[in-house]
Colleague: 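There's a structure below that I have some questions on.
Computed from a predicted structure; not experimentally measured. Atoms within a ligand are numbered from 1 in the order they appear, just like the ligands themselves. Residue numbers start at 1 and run along the sequence shown. These numbers come from the heavy atoms of this one structure, side chains and all, not from hydrogens, waters or symmetry mates.
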Amino acid sequence: MSFPPSGAPLLPSYLHVDGLGPWATYLQQVERVVPHLGHLARWSETLSRPKRALIVDVPIELDNGCVAHFEGYRVQHNLSRGPGKGGIRFHQDVTLSEVMALSGWMSIKNAAVNVPYGGAKGGVRVDPSTLSRGELERVTRRYTSEINLLIGPSKDIPAPDVNTNEQIMAWMMDTYSVNSGATATGVVTGKPIALGGSLGRREATGRGVFTVASEAMHELGLAVPGQRVAIQGLGNVGGVSARLFHDAGAKVVAVQDHCVSLYKGDGIDIPRLLEHVAEHGSAQGFADAEVIDAAQFWQADCEILIPAALEGQLNKDNARQIRAKIVIEGANGPTTPEADDILFDRNILVVPDVLANAGGVTVSYFEWVQDFSSFFWTEEEINHRLVKIMREAFHSIWQVAQEKSISLRTAAFVVGCSRILQARELRGLYP
Ligand code: NAD
């Protein structure tokens with residue numbers, strides 16, 4: 001007897017949304033877009049299934065002689081529009097569900113800003129703060145070697161994400177190059193400049209956040225100088241965003257990182273705070289602001305709120321307390337679907353992750369193009385092109401949202417999913 005007996009296709013386990021963490025959030029977002037896809041809706045299940053998911057064992061010898069095993073993942077969600085592209089996360093809470101969701105958001109993001117990539121993401125379930133530099137290098141190199149069969153300059157190109165940086169990209173590039181017998185700078189982006197990295201890449205995500213925030217404020221009749229901003233996360237995305245808002249005359253009144261929440265009504269001295277974070281690894285101990293509860297951070301009186309840390313931070317409990325007029329999603333997946341509905345009903349504008357934080361992948365694309373052509377651009381040229389792409393993407397998505405009376409998130413998904421599914425349809429099914 002054939003199974004399933006009815007002849008109906010058997011749904012993979014990850015299509016059931018209950019209890020699946022970030023992947024459930026992603027699936028609900030996809031569900032919302034299907035009614036707006038017209039004839040392309042026929043192909044929409046493509047979006048609810050990752051193309052490939054690889055789970056790898058990453059064993060290393062610790063400095064004390066013991067052997068430790070870590071679990072690693074690389075998921076290629078969709079490759080219809082080009083090679084896979086998406087970062088590598090090192091975090092103790094990384095799960096397959098999380099990496100699948102992040103890979104799906106990469107597909108939508110790359111299509112929403114129209115860079116010629118599919119979506120992918122990777123991660124290792126490890127707390128890197130517990131590792132020595134040598135152990136971190138061994139984890140990175142062994143993980144790279146294990147996912148070697150999926151990655152490559154024209155196949156799938158990783159980049160930094162939470163707790164990974166330029167040095168880790170340098171080790172990944174070296175490991176891949178040694179294994180393949182040729183220096184392949186284009187296998188990762190977010191590399192050091194000396195190894196084919198791009199000027200402006202480190203600041204690109206924050207610069208993109210700042211650019212779309214400025215456009216959104218303009219649409220609401222607000223100007224950046226004097227506005228009050230609250231930022232969760234002071235890493236690559238949150239730290240650069242904080243600096244750009246501060247430099248443009250806004251007041252960053254509240255910040256939160258993994259250790260502490262701080263508030264100062266007339267604006268925190270951001271250059272000094274970032275120096276403190278660089279020295280101590282956290283904002284904890286910064287004297288020139290009041291320490292507040294984590295819950296109070298979400299209630300801060302401000303115009304702009306930027307979650308730039310991890311997923312699921314804005315939920316049905318704190319979404320009702322937010323006082324900001326605009327939420328700019330620096331992080332991937334920071335807002336749960338329930339919180340999204342609450343914010344929509346409260347007329348709080350949410351600029352979604354797939355648009356707001358796309359500056360990083362946009363300059364990663366520039367880096368990859370520069371590596372292929374071995375011709376490097378000036379920082380001015382890079383920032384100019386970045387701002388142009390981000391502004392155009394914002395306005396085309398804004399227009400779809402206005403025309404269809406839908407949220408900016410659903411509009412960004414309409415734009416991104418339509419491009420992916422159009423490519424899917426044109427390529428056709430094999431065999
Ligand atoms: P990062 O490692 O540089 O910084 C992470 C920040 O989040 C740190 O300040 C950390 O203290 C804070 N944080 C961690 N756990 C927290 C918690 N429980 N509560 C409050 N704060 C917490 O990471 P990043 O590169 O800035 O990435 C942040 C987010 O932006 C992630 O969702 C990532 O996927 C997304 N993102 C990053 C890039 C990029 O180019 N780096 C691009 C697009 C999206």
Colleague: For ligand 1, which is the ligand I care about here, please tell me if N332 has any N or O atom under 3.5 Å from one of the ligand's N or O atoms.
Modeller: yes

Colleague: Taking the six-membered ring where the residue is Trp, are the ring centres of Y26 and H77 under 6.0 Å apart?
Modeller: yes

Colleague: With respect to atom 42 (C) of ligand 1, which of T189, N165, T205 exhibits the smallest heavy-atom separation?
Modeller: T205

Colleague: Tell me the nearest of P307, S241, A309, S364 to atom 7 (O) of ligand 1, using heavy-atom distances.
Modeller: A309

Colleague: Is it true that E203 and R243 make a salt bridge, defined as a side-chain N closer than 4.0 Å to a carboxylate O?
Modeller: no

Colleague: So, regarding L102 and ligand 1 (criterion: nitrogen or oxygen to nitrogen or oxygen, under 3.5 Å), is there a contact or not?
Modeller: no

Colleague: For ligand 1, is there an atom lying under 4.0 Å from some heavy atom of E311?
Modeller: no

Colleague: If you measure from each non-hydrogen atom of R201 to ligand 1, which part falls under 4.0 Å: side chain, backbone, both or neither?
Modeller: side chain

Colleague: Please classify the Q232 to ligand 1 contact at 4.0 Å (heavy-atom distances, strictly less than): side chain, backbone, both or neither.
Modeller: side chain

Colleague: Should you measure from each heavy atom of A331, which atoms of ligand 1 turn up under 4.0 Å away?
Modeller: 29 (C), 30 (O), 32 (O), 35 (C)

Colleague: Pull out every atom of ligand 1 sitting under 4.0 Å from any heavy atom of G330, numbered as shown with elements.
Modeller: 30 (O), 35 (C), 44 (C)

Colleague: Hey, is ligand 1 close enough to G360 that some N/O pair sits below 3.5 Å?
Modeller: no

Colleague: Using heavy-atom distances only, which candidate in N236, D353, L310, T164 approaches atom 25 (O) of ligand 1 most closely?
Modeller: N236

Colleague: Need the ligand 1 atom indices (1-based, order shown) with element for anything under 4.0 Å from a heavy-atom of R89.
Modeller: 31 (C), 32 (O), 33 (C), 34 (O)

Colleague: Tell me whether R141 is salt-bridged to D174, with the criterion being a basic N under 4.0 Å from an acidic carboxylate O.
Modeller: yes

Colleague: Does the N or O separation between G238 and ligand 1 drop below 3.5 Å for any pair?
Modeller: no

Colleague: Starting from the C-alpha separation in whole Å, work towards a yes-or-no answer on salt bridge (Lys or Arg N to Asp or Glu O under 4.0 Å) for E137 and R133.
Modeller: CA-CA 6 Å; E137 179 173 353; R133 183 180 161 90; 5.6 Å; no

Colleague: For A159, which part has a heavy atom under 4.0 Å from ligand 1: side chain, backbone, both, or neither?
Modeller: neither

Colleague: So, are R89 and E311 salt-bridged, with charged N and O less than 4.0 Å apart?
Modeller: yes

Colleague: Which of the atoms of ligand 1 are close to N163, meaning less than 4.0 Å from one of its heavy atoms?
Modeller: 2 (O)

Colleague: Please determine if R138 and D63 form a salt bridge, counting it only when a charged side-chain N lies under 4.0 Å from a carboxylate O.
Modeller: yes

Colleague: Which of these, V291, V253, V255, sits in a side chain to side chain contact (heavy atoms under 4.5 Å, CB included) with Y263?
Modeller: V253

Colleague: Quick check against the 3.5 Å criterion: does D257 have a side-chain atom that pairs as donor or acceptor with the backbone of A283?
Modeller: yes

Colleague: If the plane angle is over 60° it's perpendicular, under 30° parallel, otherwise tilted; pick one for W377 and F366.
Modeller: tilted

Colleague: Would you mind checking which non-hydrogen protein atom is closest to atom 33 (C) of ligand 1, with the distance to 0.1 Å?
Modeller: D161 OD1, 3.1 Å

Colleague: Are the side chain of S364 and the backbone N or O of V361 linked by a donor-acceptor pair below 3.5 Å?
Modeller: no

Colleague: Could an N or O of ligand 1 be found under 3.5 Å from any N or O of N357, whether backbone or side chain?
Modeller: no

